[in-house]
Amino acid sequence: MPVSHNPLKQKIEFVKGVGEARALLLKKELGVGSIEDLINIFPFRYDDRSVFVLLKDVRGGDSVQIKGTLISLNKVKGRGRTRLTGMFKDPSGLIELTWFQGAKWIADTLKLNHEYILFGKVNVYRGKRTIPHPEMELASKAEKQSAFLPVYASTEALTKKNVGMRTRRNIVQNIFNILRPEHFPEVLPAKVMDKLKLCTPYQAYRWIHFPQNETERSHAANRLKFEELFFLQLRILQVKKQREQKLKGIVFSQVGNYFNRFYKEKLPFELTGAQKRVVKEIRADMGSNIQMNRLLQGDVGSGKTIVALMSMLIALDNGYQACLLAPTEILAQQHFQSITESLKGLGLHIAFLSGSVKGKTRKELFRFLKDGHIHILIGTHAILEDPVQFKKLGLAVTDEQHRFGVAQRAKLWLKNKDVPPHILVMTATPIPRTLAMTTYGDLDVSVIDELPPGRKPVKTLHKTEADRMRIIKFMKEEIAAGHQIYIVYPLIEESATLDLENLQQGYEELLNYFPLEDYKIAVVHGRMKAADKDMEMQRFAAGRAQIMVATTVIEVGVNVPNASIMIIENAARFGLSQLHQLRGRVGRGAEQSYCILMTKSTGLTHYARERIKTMCRTNNGFEIAEVDMKLRGPGDLEGTQQSGVLELKIANIASDAKIMQTARHFALEILSEDADLDSPEYIKTKAHLDKIKHRSQSWGRIS
Ligand code: ADP
Ligand code: MG
């Protein structure tokens with residue numbers, strides 16, 4: 001191999017055992033060009049050399065390691081090319097081996113009646129067990145290697161073209177034969193290394209590929225995970241800082257009459273500690289000269305609206321207007337009504353805008369908005385449209401953020417001339433803390449982690465068809481007591497017809513017990529026109545229907561405090577966060593509320609059972625979000641696509657929360673002393689950070 005001052009940068013083809021053809025293949029299949037690229041693909045597990053399975057215990061689908069003897073080899077002429085089969089024997093039995101390609105070459109390299117160590121995956125074909133394309137290694141040679149053998153993610157093409165796991169390991173081993181500690185410069189700051197006592201990068205790379213024992217493996221993993229998350233946090237925090245420098249904000253220097261009068265005269269209850277803290281955070285943000293971009297997270301029913309309202313009053317106190325966007329007409333209406341009610345007597349003009357506001361009313365509204373007559377505008381997406389112009393928009397709040405895209409939020413920025421309004425984004429979908437640190441790491445996050453006093457937690461029960469009669473009886477009692485009930489059917493994505501059928505069937509069965517002469521039932525499903533949906537929702541909200549039968553289209557955020565039961569049919573079909581959102585529709589009044597999860601009595605998958613169990617165990621949205629992330633993996637959660645967490649090579653934001661916290665802590669500490677990492681002690685850290693920034697294209701989208 002040619003000498004170079006930095007072997008890590010060498011092309012992979014010069015490594016012993018690679019060559020031109022394999023280099024091309026590695027490039028194509030794994031995107032690997034240099035030595036550095038290859039050693040940055042870490043094993044996802046290890047095979048333990050010391051453990052062998054007995055053939056009598058081997059079943060189809062197993063990945064196995066067997067010690068035994070090759071007793072025969074046979075070339076079988078097929079229609080296409082020649083196939084090679086062999087018989088492999090261990091003290092407990094026999095198994096067939098098959099090679100579909102390279103028959104001649106393989107036959108030449110294998111030795112009969114020698115002891116081998118074999119790795120492979122067992123197939124069952126027509127009732128017979130066989131191991132296709134096993135990896136074979138003479139036992140006499142194998143014993144010299146380390147006990148933990150790395151297993152890397154591979155591709156079919158690699159395996160077929162004879163770059164199987166054994167070859168791959170050999171290549172990596174050959175690489176480490178030439179690498180020395182000095183080829184791995186330390187990129188972590190000395191003060192971090194001193195405090196955390198991590199292993200060196202050379203050790204980390206060596207040990208992650210070829211650990212002698214568990215201690216080495218875990219030291220290596222710790223160091224590599226920390227490094228990865230530390231640089232991730234440095235990037236996020238720098239993006240955030242750059243944004244703050246770019247975007248000057250309107251300074252709300254005072255809290256005035258509107259806020260104070262509302263607080264003293266109108267507020268119908270004492271704010272919870274969490275609400276007070278969050279209002280303070282928002283006040284501080286809007287009082288500085290940086291544009292606020294704050295995410296307000298709070299579980300369903302935690303009282304986010306009042307926080308939004310008080311923030312808007314601060315804007316008004318400083319001579320600015322405010323707006324509140326809700327994702328649906330009904331939710332916007334509800335906000336409009338309750339906010340108008342709360343602010344009565346303060347002499348404020350509050351207006352409502354949605355697609356349904358038309359003609360003269362609409363024109364007039366635009367005029368009053370433009371001349372500053374309207375203080376607060378509440379509405380739907382319609383607010384984003386171009387003709388909607390404010391005189392001085394100081395604060396824009398969006399409710400239930402997950403329904404709004406980033407692009408829509410960006411439109412709000414342009415609703416004020418010169419300086420963008422402050423932005424407050426509210427969401428009831430809790431995000432696990434680690435994910436928030438990345439996904440929203442560049443936003444400021446406030447959390448309302450406390451419910452108003454006196455709330456009775458919703459009781460959640462898991463029931464099956466056998467309980468149906470008792471549930472009907474219970475429903476009747478609740479209705480007789482003046483309460484209302486939701487029944488929700490899953491949305492079946494593959495088939496809009498099927499979910500309508502489900503709902504219709506359920507509705508008809510319901511009529512047997514709740515005849516229309518005695519009961520009123522509202523129905524909402526995805527195929528209805530928006531106006532009809534709203535009408536049915538209103539009917540239920542106003543108490544003119546006792547039961548609401550719906551697919552999941554029932555609106556998030558809707559507040560019907562009199563509803564005390566949520567029955568979720570086919571609950572196994574719902575995701576955890578959906579179940580939690582739905583449950584949040586009840587438990588809003590003073591009465592004890594119930595959430596009943598209906599499922600089949602048998603045959604639930606492990607995941608479905610975990611979801612149901614979690615729902616019955618806890619009402620805490622954050623806890624539920626954590627479980628959700630563990631069950632589904634971060635890739636499926638909202639917001640992860642842009643966050644960079646999916647590009648992680650070794651750290652896992654679900655299971656490495658502690659390391660993430662430590663990494664963020666150090667990143668914050670270092671940046672607060674030296675924002676641009678200009679001091680000599682950070683030269684290597686800074687260079688590495690620049691290198692990573694360069695490498696990752698998708699990162700740009702977050703900023
Ligand atoms: P969400 O956070 O889900 O949007 P809301 O803002 O709709 O919750 O509040 C839910 C209910 O709790 C409302 O009826 C609201 O008036 C009430 N509420 C909010 N804060 C408090 C509080 N500090 N004490 C008592 N009730 C409160
Ligand atoms: Mg709300």
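Start at 1 and go down the list; that is how both ligands and their atoms are numbered. Worth knowing before you read on, the calculation uses all heavy atoms, side chains too, and leaves out hydrogens, waters and symmetry mates.
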Quick check on contacts: which atoms of ligand 1 are under 4.0 angstrom from a heavy atom of [X]?
X: Thr272; answer: 23 (N)
X: Arg455; answer: 10 (C), 11 (C), 12 (O), 17 (C)
X: Ser302; answer: 2 (O), 8 (O)
X: Thr305; answer: 4 (O), 5 (P), 6 (O), 7 (O)

Does Glu270 come within less than 4.0 angstrom of ligand 1, counting non-hydrogen atoms of the residue?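 Yes.
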Answer yes or no for Gly298: is there a heavy-atom contact with ligand 1 below 4.0 Å?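 So Gly298 does not count as touching ligand 1.
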Below 30° counts as parallel, above 60° as perpendicular, anything between as tilted: where do the rings of Phe368 and His373 land?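 Rings of Phe368 and His373: tilted, as their planes differ by 30° to 60°.
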Arg617 and Glu623 ion-paired at < 4.0 Å: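 Counted as a salt bridge, because a side-chain N and a carboxylate O are separated by less than 4.0 Å.
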Between Asp518 and Lys476, is there a salt bridge with N-O shorter than 4.0 Å?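 A salt bridge is absent here (no side-chain N lies under 4.0 Å from a carboxylate O).
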Any N or O of Pro453 closer than 3.5 Å to N or O of ligand 1: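 No, Pro453 has no N/O under 3.5 Å of an N/O on ligand 1.
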Would one find an N or O of Gly303, backbone or side chain, under 3.5 Å from an N or O of ligand 1?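 N/O-N/O distance under 3.5 Å: yes.
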Take a 6.0 Å sphere around NZ of Lys391 and say whether it holds more than 12 heavy atoms from other residues, nucleotides or ligands.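 At most 12 heavy atoms, drawn from other residues, nucleotides or ligands, come within 6.0 Å of this atom.
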Nearest non-hydrogen atom to atom 1 (P) of ligand 1 belongs to which of Gln334, Lys304, Lys276?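 Selected option, by shortest heavy-atom distance: Lys304.
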Qualifying ring-ring contact (aromatic ring centres under 6.0 Å, His included) pairs with a residue from residues 320-342, counting only residues at least two apart or across chains: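 The answer is Phe252-Tyr320, Phe336-Phe352.
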Return the set of residues passing salt bridge (charged side-chain N to carboxylate O under 4.0 Å, His left out) with Arg294 (not counting sequence neighbours), or none when no residue passes.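 Salt bridge (charged side-chain N to carboxylate O under 4.0 Å, His left out) list for Arg294, sorted by chain: Glu281, Asp285.
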If we ignore angles and hydrogens, is there a donor and acceptor under 3.5 Å between the side chains of Ser564 and Glu591?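 The answer is no; no qualifying pair exists.
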Can you check salt bridge (charged side-chain N to carboxylate O under 4.0 Å, His left out) on Arg539 and Glu536, steps first, answer last? CA-CA 5 Å; Arg539 202 152 78 89; Glu536 288 292 278; 3.1 Å; yes
Would you kindly specify which portion of His335 sits under 4.0 Å from ligand 1, judged on non-hydrogen atoms: side chain, backbone, both or neither?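 Neither part.
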Report the part of Leu271 (side chain from C-beta onward, or backbone N, CA, C, O) that has a heavy atom under 4.0 Å from ligand 1; answer both or neither where that applies.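 The answer is the backbone.
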